Amino acid sequence: MSTRLVVSLYGIRGEQDLVRCASFAARLDRLRAGLSVFVPASLLTGSAVTDWLRERLASGDALVLHGLEPPRSNRIRGRHDDRRRPRHEAGLRLTAVNAVLEAAGLGSETFAPLGGRASTGTLAALRAAGFGACVEPEVLRDLRTGRVRRSRVGTLTGFRSESARCRGLRSMAEREIRARPGRAWPGLVRLAISAEDLGHPARRAAVHDAIDLALLHGAVPATYPELVAPPPAPPYSAPTVRGTPNPDPLTS
């Protein structure tokens, strides 16, 4: 079983980040590797970010809805946390967020919770709305089958020095691409870089190195929606014939 490689981008704050993000996405295009872009609904209000996302989705990238916060200016600190959200509130927020996506001409069936973990109520609301995947820092949840895949995402965050974080990201990628005997799943390398990281040459180079290393060892690029079960096919309905049937087919 081939190791899968998922590269994600998060922390886009607005148009000022798009030049760096577009350059990073173009490099992945040359490597034939897709990108999973984490974006909150607050950025999807007719901005340049929305236009860029439409282009990326048309080229095969995936949009990951980041949190259930609809656009609003007066957010209350501590309220935008999906770890404790009950189902009815998650459902209401999901309805509002889906309206924003629809107005922007975008769609997503993949969700990443704010706070790192989704509550039971949030997961139930996502399933009811037809979402297929919930992406958390240490697990990937298939909301259609109920399967949970444990896999830690590699990032450049933390309190260590920048050089130590960069070495750690490269080491994590190398560990994951080495298959372990008896592994029930194919290997999975999950790398996440923020828009801010792209502005730091050492961090950007570490991500490039980790991606190149994974591909060199035969990892197959994927986006998060490709790692879970596809949506069910619509039920088959027999074609209807308008008008009154002709009893004599020879005269048709």
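Counting from 1, the numbers follow the sequence of the chain as shown. All values reported here derive from a predicted model rather than from experimental measurement. No hydrogens, no waters, no symmetry mates; every other heavy atom, side chains included, goes into these values.
- Listed by chain and number, the residues in a side chain to side chain contact (heavy atoms under 4.5 Å, CB included) with S59 are R56, D61 (sequence neighbours excluded).
- Ion pairing between R27 and D212 holds under the 4.0 Å rule for side-chain N and carboxylate O.
- For the residue pair S161 / S163, a side-chain donor-acceptor distance below 3.5 Å is found, with atom types taken as modelled.
- Judged by distance alone, with hydrogens and angles left aside, the side-chain atoms of T122 form no donor-acceptor pair with the main-chain N or O of A118 at under 3.5 Å.
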Set out, in order, the CA-CA distance, both residues' side-chain angles and the distance that settles side-chain contact (heavy atoms from CB on, under 4.5 Å) for T3 and V220, then state yes or no. CA-CA 6 Å; T3 297; V220 178; over 6 Å; no
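- A donor and an acceptor atom, one from each side chain of D197 and S194, are located under 3.5 Å apart.
- Using cut-offs of 30° and 60° for the angle between ring planes, the H66 and F38 rings count as perpendicular.
- L31 and L9 fall within a single hydrophobic cluster, where Ile, Leu, Val, Met, Phe, Trp and Tyr side chains are chained together by heavy-atom contacts under 4.5 Å.
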Trace of the side-chain contact (heavy atoms from CB on, under 4.5 Å) decision for L156 with L169: CA-CA 7 Å; L156 289 165; L169 187 73; 4.0 Å; yes
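- Here the side chains of D209 and L213 are not in contact, with every heavy-atom distance at 4.5 Å or above.
- Applying the side chain to side chain contact (heavy atoms under 4.5 Å, CB included) test to T120 and every residue at least two apart in sequence or in another chain returns nothing.
- Pairs engaging residues 218-230 under the salt bridge (Lys or Arg N to Asp or Glu O under 4.0 Å) rule: none recorded [sequence neighbours left out].
- Residue E102 places its CD atom among 12 or fewer non-hydrogen atoms of other residues, nucleotides or ligands, all under 6.0 Å distant.
- V6 places none of its side-chain heavy atoms less than 4.5 Å from the side chain of V189.
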Applying side-chain contact (heavy atoms from CB on, under 4.5 Å), run through T110 and L63 and close with a yes or a no. CA-CA 7 Å; T110 308; L63 171 62; over 6 Å; no
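- Panel note: side chain R83, backbone R117; no donor-acceptor pair is recorded below 3.5 Å.
- Residues satisfying the salt bridge (Lys or Arg N to Asp or Glu O under 4.0 Å) test with E174, not counting sequence neighbours, are R178.
- Rounding to the nearest 0.5 angstrom, the gap separating the NE2 atom in H88 from the CZ atom in R93 is 10.0 Å.
- With a 4.5 Å cut-off on side-chain heavy atoms, V135 and F111 do not count as touching.
- Cluster annotation: V153 is not connected to V37 through the hydrophobic network of ILVMFWY side chains, with a link wherever side-chain heavy atoms come within less than 4.5 Å.
- Note that the CG atom of N98 and the CZ atom of F131 stand 5.0 Å from one another [nearest 0.5 Å].
- Nearest heavy-atom pair, V49 versus L43, reported as atom, atom and distance to 0.1 Å: CB-O, 4.3 Å.
- In this structure, R152 and E138 approach most closely via the heavy-atom pair NH2-OE2, 3.0 Å.
- Remark: R13 CZ to S42 OG distance equals 13.0 Å, nearest 0.5 Å.
- Here the side chain of R20 pairs a donor or acceptor atom with the backbone of A195 at under 3.5 angstrom.
- The structure places SG of C21 at 8.5 Å from CG of L35, a figure rounded to the nearest 0.5 Å.
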Salt bridge (Lys or Arg N to Asp or Glu O under 4.0 Å) between R149 and E136: does it pass, once the steps are laid out? CA-CA 10 Å; R149 181 169 183 174; E136 300 179 9; over 6 Å; no
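- R204 meets the salt bridge (Lys or Arg N to Asp or Glu O under 4.0 Å) test with no other residue; sequence neighbours excluded.
- When every heavy atom of T50 is checked against every heavy atom of A104, the shortest pair comes out as CG2-CB, 3.8 Å.
- Rounding to the nearest 0.5 Å gives a distance of 6.0 Å between CG of L143 and SG of C134.
- Between atom OG1 of residue T155 and atom CD1 of residue I193 there is a gap of 10.5 Å, rounded to the nearest 0.5 Å.
- Annotation: E162, atom CD; neighbour count of heavy atoms from other residues, nucleotides and ligands within 6.0 Å is above 12.
- Contact check for L44 versus L101: side-chain heavy atoms found under the 4.5 Å cut-off.
- Across all non-hydrogen atoms, the minimal contact from A125 to G91 is CB-N, 3.8 Å.
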Determine, step by step, whether L5 and R190 satisfy the side-chain contact (heavy atoms from CB on, under 4.5 Å) criterion, reporting the C-alpha distance in whole Å, the side-chain angles of both residues, the deciding distance to 0.1 Å, and the verdict. CA-CA 6 Å; L5 168 66; R190 299 168 64 199; over 6 Å; no
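- Looking at every heavy atom in both residues, D82 comes nearest to L114 through OD2-N, 2.8 Å.
- Scanning for side chain to side chain contact (heavy atoms under 4.5 Å, CB included) contacts around A128 gives R87, with sequence neighbours left out.
- In this structure, E109 and P231 approach most closely via the heavy-atom pair OE1-CG, 4.1 Å.
- Between the S119 side chain and the R85 main chain, a donor and an acceptor come within less than 3.5 Å of each other.
- Both Y10 and V64 are assigned to one and the same hydrophobic cluster, defined by single-linkage of ILVMFWY side chains at heavy-atom distances under 4.5 Å.
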